[in-house]
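As the structure lists them, so they are numbered: ligands from 1, and atoms in each ligand from 1.
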Amino acid sequence: MTQIFYNSTRNNQIKVSAAEAIVRGIAEDGGLFVPSQMPTINLDWEILKDASYQDVACLVLSAFFTDFTQDEIKECVNNAYDAKFDTLDIAPIRSIDNNTYLLELFHGNTIAFKDMALSILPYLMTIAAKKLELKEEIVILTATSGDTGKAALAGFANVTNTKIIVFYPEDGVSEIQKLQMVTQVGNNTKVIAVKGNFDDAQSMVKSIFSDTQLKADLLTKGYRLSSANSINIGRLIPQIIYYIYAYAQLIKCGKIVAADKIDIVVPTGNFGNILAAYLAKQLGLPVRKFVCASNQNNVLVDFFNNGIYDRRRPFYLTNSPSMDILISSNLERLLYFITNRNVEKIKLWMEELQEKGYYQLSDEDKNQLVEFYSNDADDNETGKAIQEVYTNAKEVIDPHTAVAYSVYKKYLEHQKGESLPTVIAATASPYKFPKSVMSSFAEIEGNTSESDLIDQLHQRSQVKIPDAIKDIFEMPIIHQDVVEISNMKQAVIGFLS
Ligand SMILES: *Cc1c(COP(=O)(O)O)cnc(C)c1O
């Protein structure tokens, strides 16, 4: 098997093992780790169509994390994808019309797609730390737009030799998302609200990671910082699994035969989920188009349409808060691949983004983006999509999935009817956003509580209320800290002393 190393998107001379890339989270030059080459995986669909999720997971992860033994990978996979998920399929597909399937990525602990990778990351990280014979405790530092926070907390709570600190935008998450985080138990956990948006928090976390003085100070105290955001390669690679699994399921149910092309639609924020689909194609998954769906924060739509990434624009709080992002970190990895690993270009673009707020691709580089289609949906269109899917298929979808559905409809119009079997990434359970979901069906009376809305949602969808939120209104609030963005670093130091 080919040995895979990890380079930085900003320096091809940096070359580390998977274990090191996972523990470090981000390269020391601020770049993101990327595989030194694409592994070859034998995608034998005759076998894969009957393979379990865990089988597909072992296949993908062992091809990328070549410094892990088969037994180590298997242990991680079996610990991660177990009865925490409320379905044996782990990530089932569900048909909503003749050609369209939801890929349900919300059957884990915290009912959002972040569980798909964050269920396994703590196991990968613990084994990686052992391999590298690290003595220090690992401190996971995470900025969240709503869902990563809780999924990372659930994954790392009470994991020995780790601590986890989560920063979330005080006014930028749903009521349920917030409750899920602030009620988190576990001695090694800390949740802090910040006065700012996700981009502010993510930028500050990245700058803490590149603060060499702070890192050195923490090392002498026995702490090593790492990341659970999708900048960590240990999150990105596990997300490839479900696209391959979904394709195998489409074969199994007779919708397609091997080598048939499909379209994939992804509601996008930090560009991690859709990038995993792109990597799946590099491994041989037959995909025609990647449909990149944005909400009103449509910086990516402009990027795919005119080749200019420009973050100088208003930031909107929308009904799909996990996509309220203007700086999509993982796009840096796509740029690296489409420029054929041209680190000089990447460095320049990232400097321009930092200093001027925008960068522009050449026509030649922009032509490499033809596999992507991108469009946006606002809150009003999102609500309509929730209604439409309910009317047609009796499925209640969440607002993020609804953004994807709405953009998919625009894509079909653009394609003029040439529709292929399509997989839409369904990224959260509607129970995480009862207010937005129920207000798409009818105006909500002023005094209706969140828990009443959950009951109404239950009556409409007939889907069991997930354990993840059943008792959430009765649980004690444990985390109450609020800090300014400029005090985040101090808060980290404070928690660790
Ligand atoms: C994180 C998230 C997204 C965006 O995914 P990215 O990988 O950041 O593009 C979409 N929907 C939900 C529900 C999420 O939690």
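- Taking the ring centre of Tyr390 as origin, the terminal cationic atom of Arg460 falls inside the region bounded by 6.0 Å and 45° from the ring axis.
- Between Gly272 and ligand 1, at least one N/O pair is under 3.5 Å apart.
- The closest protein non-hydrogen atom to atom 14 (C) of ligand 1 is Lys114 NZ, 2.9 Å.
- Residue Asp147 places at least one N or O, backbone or side chain, under 3.5 Å from an N or O of ligand 1.
- What sits closest to atom 7 (O) of ligand 1 on the protein, heavy atoms only, is Asn273 N, 2.9 Å.
- Taking every heavy atom of Ala428 and a limit of under 4.0 angstrom, the matching atoms of ligand 1 come to 13 (C).
- Where the criterion is an N or O separation shorter than 3.5 Å, residue side chain and backbone included, Ile325 fails it with respect to ligand 1.
- Ranking protein heavy atoms by distance to atom 11 (N) of ligand 1, first place goes to Thr427 OG1, 2.9 Å.
- There is no side-chain donor-acceptor pair under 3.5 Å between Tyr168 and Gln177.
- If you look at Phe271 next to ligand 1, the close heavy atoms, those under 4.0 Å, all belong to the backbone.
- Remark: minimum distance from atom 5 (O) of ligand 1 to any protein heavy atom is reached at Phe113 CE2, 3.5 Å.
- Residue, atom and distance of the protein heavy atom nearest to atom 4 (C) of ligand 1 are Gly269 N, 3.5 Å.
- Inspection of the Asp115 and Asn109 side chains reveals no N or O donor paired with an N or O acceptor under 3.5 Å.
- Side-chain atoms of Thr422 and Tyr408 form a donor-acceptor pair, as typed in the model, at a separation below 3.5 Å.
- If you check which protein heavy atom lies closest to atom 8 (O) of ligand 1, you get Asn270 N, 2.8 Å.
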Problem set entry | Verdict with reasoning, Tyr243 to Tyr247, per ring pair (Phe, Tyr, Trp, His ring centres under 6.0 Å) | CA-CA 6 Å; Tyr243 290 110; Tyr247 189 87; over 10 Å; no
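- Side chains of Tyr359 and Asp310: a donor-acceptor N/O pair is absent below 3.5 angstrom, by distance only.
- Taking atom 10 (C) of ligand 1 as the reference point, the nearest protein heavy-atom neighbour is Pro267 O, 3.5 Å.
- A ring-centre distance under 6.0 Å is not found for Tyr431 and His458.
- Checked against a 6.0 Å centroid threshold, the rings of Phe290 and Tyr373 do not count as neighbours.
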